[in-house]
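Read the structure below first, then the notes.
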Amino acid sequence: QVQLVESGGGLVQAGGSLRLSCAASGRIVKINDMGWYRQAPGKRRELVAVITSGGSTNYEDSVKGRFSISRDNAKNTVYLQMNSLKPEDTAVYYCNARVLTTMGPFEYQYWGQGTQVTVSS
């Protein structure tokens, strides 16, 4: 099995910054895409940003220019630097990873437990 442990959420004023981290551990052979999703109350979970194992990135339109995703493959960790935060960024943020494990040749998708980000106006 694989575990994803997130950290770095909290309460911040509008215009402020936060950095989320997510470390993967367990029976990992290789981690392919890693990403961050978020879910606000009453809304569907949405993709915020994704990064491939080679470092290519993609962002949801509303966070482009404000958020930056990166990863440290040696540490099996993905980061989300969030700048110029807005109240509408308030949500639970979930880490996601697509992983090849020691259990077989197929890729499995794993989720973190979620971390709350609250941006006050």
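Position 1 is the first residue of the sequence; numbering continues from there.
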Side chain to side chain donor-acceptor pair (under 3.5 Å) partners of [X], counting only residues at least two apart:
X	answer
Asp33	none
Ser62	Arg38, Glu60
Gln113	none
Asp72	none

Under 3.5 Å: donor-acceptor pair, side chain of Thr90, backbone of Glu88: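 It does not hold such a pair.
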Polar side-chain atom of Arg66 near backbone of Ser84 as donor-acceptor pair, under 3.5 Å: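 The answer is yes, because a donor-acceptor pair under 3.5 Å joins these two groups.
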Lys64: salt bridge (Lys or Arg N to Asp or Glu O under 4.0 Å) partners, not counting sequence neighbours: Asp61
Spacing of CD1 belonging to Ile69 relative to CG belonging to Asn58, to within rounding of 0.5 Å: 9.5 Å
Pairs meeting criterion ring-ring contact (aromatic ring centres under 6.0 Å, His included) with involvement of residues 1-24, two or more places apart: none
Within residues 20-68 or reaching into it, pairs that qualify as ring-ring contact (aromatic ring centres under 6.0 Å, His included) - sequence neighbours excluded: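 Listed once each, the pairs are Tyr37-Trp111.
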To check you understand the geometry: which heavy-atom pair defines the closest contact between [X] and [Y], and what is its length?
X	Y	value
Ala97	Leu4	N-CD1, 3.9 Å
Gln39	Lys43	NE2-O, 3.1 Å
Ser121	Pro87	CB-CG, 3.8 Å
Asn73	Ser53	ND2-O, 3.4 Å

Residue pairs involving residues 2-22 (criterion salt bridge (Lys or Arg N to Asp or Glu O under 4.0 Å); sequence neighbours excluded): none
Selection residues 95-105 - residue pairs positive for side-chain hydrogen bond (donor to acceptor under 3.5 Å, both in side chains), sequence neighbours left out: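 Listed once each, the pairs are Asn96-Gln109, Arg98-Gln109.
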Min side-chain heavy-atom separation [X]-[Y] under 4.5 Å:
X	Y	result
Ile31	Arg71	yes
Val117	Leu20	yes
Ile28	Asn76	yes

Members besides Tyr79 in its Ile/Leu/Val/Met/Phe/Trp/Tyr cluster (side-chain heavy atoms under 4.5 Å): none
Hydrophobic cluster partners of Leu100 (side-chain heavy atoms under 4.5 Å): Val29
Residue pair Thr118 / Gln116, side-chain donor-acceptor N/O under 3.5 Å: yes
Sole residue of Asn83, Val12, Asp89 in side-chain contact (heavy atoms from CB on, under 4.5 Å) with Leu18: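 That would be Val12; it is the only one of Asn83, Val12, Asp89 passing the side-chain contact (heavy atoms from CB on, under 4.5 Å) with Leu18.
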Stepwise side chain to side chain contact (heavy atoms under 4.5 Å, CB included) test for Glu107 and Asn32: CA-CA 9 Å; Glu107 179 184 270; Asn32 292 323; 2.7 Å; yes
Within residues 12-107 or reaching into it, pairs that qualify as disulfide bond (SG atoms under 2.5 Å apart) - sequence neighbours excluded: Cys22-Cys95
Chi angles and distances behind the side chain to side chain contact (heavy atoms under 4.5 Å, CB included) call for Val99, Tyr108: CA-CA 5 Å; Val99 184; Tyr108 292 91; 5.5 Å; no
